[in-house]
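Small disclaimer: the values here were computed from a predicted structure and weren't measured.
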Amino acid sequence: RITLDGPSYVAAMQHVPDRDIRKQVYIGYLTRASEFTAEQLESKETEKKEGAPGKDNVPIINEMLKLRKEVSGLLGFNNYAEQSLA
């Protein structure tokens with residue numbers, strides 16, 4: 001079983017003899033939290049087509065950052081980094 005966790009990914013890239021499987025693992029690793037699909041990466045498309053299935057986590061990440069800053073402010077810190085070091 002190959003996962004996209006670091007140790008599994010590195011081992012697969014170093015030891016799997018089948019080039020097609022290594023390519024699948026590589027593309028999967030690249031598109032884990034990306035707005036691009038594997039097909040878009042392979043075709044060198046950089047613009048996301050409307051309605052295309054993607055993995056665009058950017059809005060979720062932006063919301064997480066906003067909420068972290070808000071919580072940190074409520075707890076009396078200037079930012080999340082300051083809070084995490086306290």
Next on the checklist: What's the separation between atom CE in Met13 and atom CD1 in Ile21, rounded to the nearest 0.5 Å?
Outcome noted: 11.5 Å
Item to check | CG on Leu67 to CD on Glu63, rounded to 0.5 Å | outcome: 4.5 Å
Item to check | ILVMFWY cluster, Leu65 and Phe77 together (side-chain gap under 4.5 Å) | outcome: no
Item to check | N/O donor-acceptor pair under 3.5 Å between Asp18 side chain and Asp20 backbone | outcome: yes
Next on the checklist: Test your reading of the model: is there a side-chain donor-acceptor pair from Ser8 to the backbone of Leu4, 3.5 Å cut-off?
Outcome noted: no
Checklist entry - How long is the span from the CG atom in Leu74 to the CD atom in Gln83, to the nearest 0.5 Å? => result 10.0 Å
Checklist entry - Any donor-acceptor pair under 3.5 Å linking the side chain of Arg22 with the backbone of Pro17? => result yes
Next on the checklist: Does atom OH (Tyr26) have a neighbourhood of more than 12 heavy atoms from anything else shown, all under 6.0 Å?
Outcome noted: no
Checklist entry - Do you reckon Val16 sits in the same ILVMFWY cluster as Ile27, going by side-chain contacts under 4.5 Å, direct or chained? => result yes
Next on the checklist: As an exercise, state the distance from CG of Leu85 to CG of Asn79, rounded to the nearest 0.5 Å.
Outcome noted: 9.0 Å
